[in-house]
Amino acid sequence: MLKIAHHTAYTHPLPEGHRFPMLKYELIPAQLLYEGLVTRDQFFEPGLVDKEIVKLAHDATYVEDMLGLRLDAKMQRRIGFPMSGSLVDRELYLIDGTIQACFEAMEHGVAFNTAGGTHHAGRDFGEGFCLFNDQAVAAAYLHHQGIAKRILIIDLDVHQGNGTAHIFADHPDIITFSIHGERNFPFHKEKSHVDIGLPDGVADQEYLQLLARELPRLFQEYAPEFVFYQAGVDVLATDKLGKFNMTPEGCRKRDELVFRACRDFQVPVEVSMGGGYSVHIKDIVNAHVNTYRTAIDLYDF
């Protein structure tokens, strides 16, 4: 059975007109249920992760300042959200959701978190609507506990996973792979283990050919025991912040390539949703739901 982490706290109130599409975290599970792709008993509710686990990937002072709501105004602007205790709790739920989804993935092959993919948060900073980095914390936790020694983080959001790269820049066992828009945010790129920056306007064929070539090489060279997939849908041509020219079908085929690689190499994969900023929220939600649909089909749930 496909298991999915979800918490009502994922949908956090924002000021009217804020550009972050927070509503999608309410709509994704609703659409999955409406289409009959999943049942309610496939969702599980995470708790608040312990701060000491967060510190496995983030600087201790940064974590304590975040939890104590002591971030300076500059850092708050860099993050882009009005800070509050409930917002910080949301991030702690997100992280626990991703960690618990890892254990479900180990049992079932793949598992999801309806939110997360907060890949712009680095070791001692937040950025781009990301306070903490859920997949980085989960990867550090699996490694620290000896659950998985070799870990691959596949980041296919249109924006580079700069925070993830920052956290694991010198790590020999947690490998970061990012395909992103070279001229898009963040304008200062960190160094992933493998970075592929693409020009504006990239369409389905070029992107998919590239990914199909790179994935087998990554699995063969690094032999991961666990994979994290950041499945941002801001690669769509309809995305306000994306600058790529991919179709919904191209985005779905991207997901299929990742899941086939994980399945063929028999490596469990946790999936966090990542970004999506299309003009119409239905385009965002449908693309995310396609990621679930693709996993359900390929893993025969």
Asker: Indicate yes or no for a side-chain donor-acceptor contact from N184 to the backbone of L241 under 3.5 Å, with no hydrogens or angles considered.
Answerer: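 Yes; judged by distance alone, with no hydrogens or angles, the pair exists.
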Asker: Donor-acceptor check, side chain of H159 to backbone of D234, threshold 3.5 angstrom: yes or no?
Answerer: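 Side chain of H159 to backbone of D234, a donor-acceptor pair under 3.5 Å: no, none is there.
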Asker: Report, as yes or no, whether the 6.0 Å neighbourhood of atom CZ on R183 holds more than 12 heavy atoms from other residues, nucleotides or ligands.
Answerer: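 Atom CZ in R183 is not crowded, with 12 or fewer foreign heavy atoms closer than 6.0 Å.
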Asker: Treating Ile, Leu, Val, Met, Phe, Trp and Tyr as nodes and any side-chain heavy-atom pair under 4.5 angstrom as an edge, say whether Y62 and F168 lie in one connected cluster.
Answerer: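 The answer is yes; both residues are in one hydrophobic cluster.
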Asker: Mark yes when over 12 heavy atoms from residues, nucleotides or ligands other than Y34 sit less than 6.0 Å from its OH; otherwise mark no.
Answerer: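 It does not: Y34 OH has 12 such atoms or fewer within range.
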Asker: Compute whether any side-chain donor of one residue and acceptor of the other, for H280 and S278, lie under 3.5 angstrom apart.
Answerer: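 The answer is no; no qualifying pair exists.
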Asker: Would you compute the distance between atom CD1 of I79 and atom SG of C130 and round it to the nearest 0.5 angstrom?
Answerer: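 The CD1 atom of I79 sits 9.0 Å away from the SG atom of C130.
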Asker: Do M246 and D239 have side chains that get closer than 4.5 Å, going by heavy atoms?
Answerer: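 M246 does not reach D239 side chain to side chain.
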Asker: Tell me the closest heavy-atom pair linking A115 and L94, and the distance in Å.
Answerer: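 Shortest heavy-atom contact: CB-CD2, 3.1 Å.
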Asker: I need the H180 NE2 to K243 NZ distance, nearest 0.5 Å.
Answerer: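 Spacing of NE2 (H180) from NZ (K243) equals 13.0 Å.
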Asker: Any sub-3.5 Å donor-acceptor pair from D204's side-chain atoms to T247's backbone N or O?
Answerer: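 Side chain of D204 to backbone of T247: a pair is present.
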Asker: Are H193 and F177 close enough that their ring centers fall under 6.0 Å?
Answerer: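 Aromatic pair excluded; centres sit 6.0 Å or further apart.
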Asker: Regarding N162 and H188, is there a side-chain donor-to-acceptor distance under 3.5 Å anywhere?
Answerer: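 Their side chains do not contain a donor-acceptor pair, so the 3.5 Å distance test is not met.
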Asker: Can you give me the closest heavy-atom contact between P29 and K24, atom names plus distance?
Answerer: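 The answer is CD-O, 4.5 Å.
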Asker: Passes side-chain contact (heavy atoms from CB on, under 4.5 Å), L33 versus F43? Steps please.
Answerer: CA-CA 10 Å; L33 290 167; F43 292 96; 4.0 Å; yes
Asker: Can we say E214 and R217 salt-bridge, meaning some charged N sits less than 4.0 Å from an Asp/Glu carboxylate O?
Answerer: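 Looking at E214 and R217, the cut-off is met.
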Asker: If you define the side chain from C-beta out and look only at heavy atoms, does anything of L67 sit under 4.5 Å from L92?
Answerer: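 A side-chain contact exists here, since the closest heavy-atom pair is under 4.5 Å.
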Asker: With a 4.5 Å cut-off on side-chain heavy atoms, are P268 and C262 touching?
Answerer: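 C262 does not reach P268 side chain to side chain.
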Asker: Are F132 and V49 packed together at the side-chain level, in the sense that at least one heavy-atom pair is separated by less than 4.5 angstrom?
Answerer: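 Not in contact.
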Asker: Might you point out which heavy atoms bring N245 and G201 nearest each other, and give the distance in Å?
Answerer: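 Taking every non-hydrogen atom into account, CB-O, 3.6 Å.
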Asker: Should F228 and C102 be marked as a side-chain contact (heavy atoms from CB on, under 4.5 Å) after you check the CA-CA gap, both sets of side-chain angles, and the distance that decides it?
Answerer: CA-CA 9 Å; F228 290 89; C102 291; 3.4 Å; yes
Asker: Check the side chains of Q135 and N113 for a donor-acceptor pair under 3.5 angstrom, ignoring hydrogens and angles.
Answerer: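 No, because no side-chain N or O of N113 sits under 3.5 Å from a partner of the opposite role on Q135.
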Asker: Compute both the distance and the angle, then confirm whether R78 meets the cation-pi test with F125: under 6.0 Å from the six-membered ring centre, within 45 degrees of the axis.
Answerer: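 R78 over F125 ring: yes.
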Asker: Inspect the contact between D173 and K149 and indicate whether a charged nitrogen and a carboxylate oxygen are less than 4.0 angstrom apart.
Answerer: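 Salt bridge flag = yes for D173 with K149.
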Asker: Below 30° counts as parallel, above 60° as perpendicular, anything between as tilted: where do the rings of H108 and F301 land?
Answerer: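 Taking F301 first and then H108, their aromatic rings stand perpendicular (interplane angle over 60°).
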Asker: Check F259 against T291 and note the closest heavy-atom contact, atom names and distance.
Answerer: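 Shortest heavy-atom separation between F259 and T291 comes out as CE1-O, 3.5 Å.
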Asker: Classify the ring geometry of F129 against Y277: parallel below 30°, tilted from 30° to 60°, perpendicular beyond 60°.
Answerer: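 Aromatic pair F129/Y277 classed tilted.
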Asker: Looking at I28 and T114, what are the two nearest heavy atoms and their distance?
Answerer: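 Closest approach of I28 to T114, heavy atoms only: CD1-O, 4.0 Å.
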Asker: Let's go through T98 and V137 carefully: what are the C-alpha distance in whole Å and the side-chain angles of both, what is the deciding distance for side-chain contact (heavy atoms from CB on, under 4.5 Å) to 0.1 Å, and is it a yes or a no?
Answerer: CA-CA 9 Å; T98 294; V137 174; over 6 Å; no
Asker: Could you check whether any side-chain heavy atom of L48 comes within less than 4.5 Å of a side-chain heavy atom of D96, counting everything from C-beta outward?
Answerer: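 SC-SC contact between L48 and D96 ruled out.
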Asker: Under 3.5 Å, is there a donor-acceptor pair between the side chain of E225 and the main chain of V267?
Answerer: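 No; judged by distance alone, with no hydrogens or angles, the pair does not exist.
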Asker: Roughly how far, to the nearest 0.5 Å, is the CD1 atom of I179 from the CD1 atom of I154?
Answerer: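 If we round to the nearest 0.5 Å, I154:CD1 and I179:CD1 are 9.0 Å apart.
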Asker: Can you find a side-chain donor-acceptor pair between E35 and Q31 that sits under 3.5 Å?
Answerer: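 Checked: E35/Q31 side chains pair up, N/O donor to acceptor below 3.5 Å.
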Asker: Using 30° and 60° as the class boundaries, would you call the ring planes of Y10 and H6 parallel, tilted or perpendicular?
Answerer: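 It falls in the perpendicular class, over 60°.
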Asker: Any side-chain to backbone donor/acceptor pair from N133 onto A121? Under 3.5 Å, distance only.
Answerer: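 Yes, N133 side chain to A121 backbone: donor-acceptor pair under 3.5 Å.
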Asker: For F81 and H18, I'd like to know if the aromatic rings sit close, meaning centre-to-centre distance below 6.0 Å.
Answerer: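 F81 vs H18: aromatic centres under 6.0 Å.
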Asker: Would you find more than 12 non-hydrogen atoms of other residues, nucleotides or ligands less than 6.0 Å from Q266 atom CD?
Answerer: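 Counting other residues, nucleotides and ligands, CD of Q266 stays at 12 neighbours or fewer.
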Asker: Rounded at 0.5 Å granularity, tell me how far CD in E127 sits from NE2 in H120.
Answerer: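 If I round to the nearest 0.5 Å, the distance is 7.0 Å.
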Asker: Using the rule side chain to side chain contact (heavy atoms under 4.5 Å, CB included), only one of D134, V271, D157 pairs with Q230; which is it?
Answerer: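 The passing option is D157.
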Asker: Do R90's NZ or CZ and the ring of Y25 fall within the cation-pi criteria of under 6.0 Å and 45°?
Answerer: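 Positive - R90 is close enough to the ring of Y25 and near enough to its axis.
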Asker: Answer yes if V269 and I296 sit in the same cluster of Ile, Leu, Val, Met, Phe, Trp and Tyr residues linked by side chain heavy atoms under 4.5 Å apart, and no otherwise.
Answerer: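 As far as the 4.5 Å side-chain criterion goes, I296 and V269 are connected within one cluster.
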Asker: Under 6.0 Å between ring centres: does that hold for H143 and H171?
Answerer: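 Yes.
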Asker: When you measure from the side chain of N286 to the backbone N and O of K282, does any donor-acceptor pair fall under 3.5 Å?
Answerer: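 Confirmed, N286 side chain pairs with K282 backbone.
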Asker: As an exercise, state the distance from CG of L208 to NZ of K253, rounded to the nearest 0.5 Å.
Answerer: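 Spacing of CG (L208) from NZ (K253) equals 7.0 Å.
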Asker: Give the ring-plane orientation class for Y93 versus H7, where under 30° counts as parallel, over 60° as perpendicular and anything between as tilted.
Answerer: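 Ring orientation, 0 to 90° scale: parallel.
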Asker: Determine whether Y141 and V54 fall in the same hydrophobic cluster, where Ile, Leu, Val, Met, Phe, Trp and Tyr are linked whenever their side-chain heavy atoms lie under 4.5 Å apart.
Answerer: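 Hydrophobic grouping puts Y141 with V54.
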Asker: Please check if the side chain of Q42 supplies one atom and the backbone of K3 the other of a donor-acceptor pair under 3.5 Å.
Answerer: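 Not at all, since once roles are kept as given, no pair shorter than 3.5 Å links the two residues.
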Asker: Please determine if K51 and E64 form a salt bridge, counting it only when a charged side-chain N lies under 4.0 Å from a carboxylate O.
Answerer: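 Salt bridge flag = yes for E64 with K51.
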Asker: Does the side-chain contact (heavy atoms from CB on, under 4.5 Å) test come out yes or no for I167 and H58, once each step is laid out?
Answerer: CA-CA 8 Å; I167 291 168; H58 290 286; 4.0 Å; yes
Asker: Would you indicate whether Q145, at its atom CD, is surrounded by more than 12 heavy atoms from other residues, nucleotides or ligands within a distance under 6.0 Å?
Answerer: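 For Q145, atom CD is crowded (more than 12 foreign heavy atoms under 6.0 Å).
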Asker: Quick one, V289 and V285 - any side-chain contact, counting heavy atoms below 4.5 Å?
Answerer: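 Heavy-atom side-chain distance check passes, below 4.5 Å.
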Asker: Roughly how far, to the nearest 0.5 Å, is NZ of K189 from NE2 of H166?
Answerer: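 Reported value, rounded in 0.5 Å steps: 15.5 Å.
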Asker: Kindly indicate whether the side chain of T61, heavy atoms from C-beta on, has any atom under 4.5 Å from the side chain of D124.
Answerer: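 Contact flag for T61/D124 side chains = no.
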Asker: Verify whether one side chain among D255 and Y229 offers a donor that lies under 3.5 Å from an acceptor in the other.
Answerer: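 A pair is found: one side chain offers a donor N or O, the other an acceptor, under 3.5 Å apart.
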Asker: Taking all non-hydrogen atoms of both residues, which atom of A111 and which atom of A105 are closest, and how far apart?
Answerer: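 Where A111 meets A105 most closely, the heavy atoms are CB-N, 3.6 Å.
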Asker: Any side-chain donor paired with an acceptor under 3.5 Å for T164 and H119?
Answerer: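 No, no side-chain donor-acceptor contact under 3.5 Å.
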Asker: Please determine, by modelled atom types, if S192 and E190 share a side-chain donor-acceptor pair under 3.5 angstrom.
Answerer: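 Side chains of S192 and E190: no pair found under 3.5 Å.
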Asker: Indicate, with yes or no, if L298 and F112 share a hydrophobic cluster defined by side-chain heavy-atom contacts under 4.5 Å among Ile, Leu, Val, Met, Phe, Trp and Tyr.
Answerer: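 Yes; L298 is reachable from F112 via cluster members.
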Asker: Treat each ILVMFWY residue as a node, draw an edge where side-chain heavy atoms are under 4.5 Å apart, and state whether L32 and L23 are in one component.
Answerer: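 In one cluster: yes.
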Asker: Does any non-hydrogen side-chain atom of V235 lie less than 4.5 Å from one of R254?
Answerer: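 In short, these two side chains touch, coming nearer than 4.5 Å.
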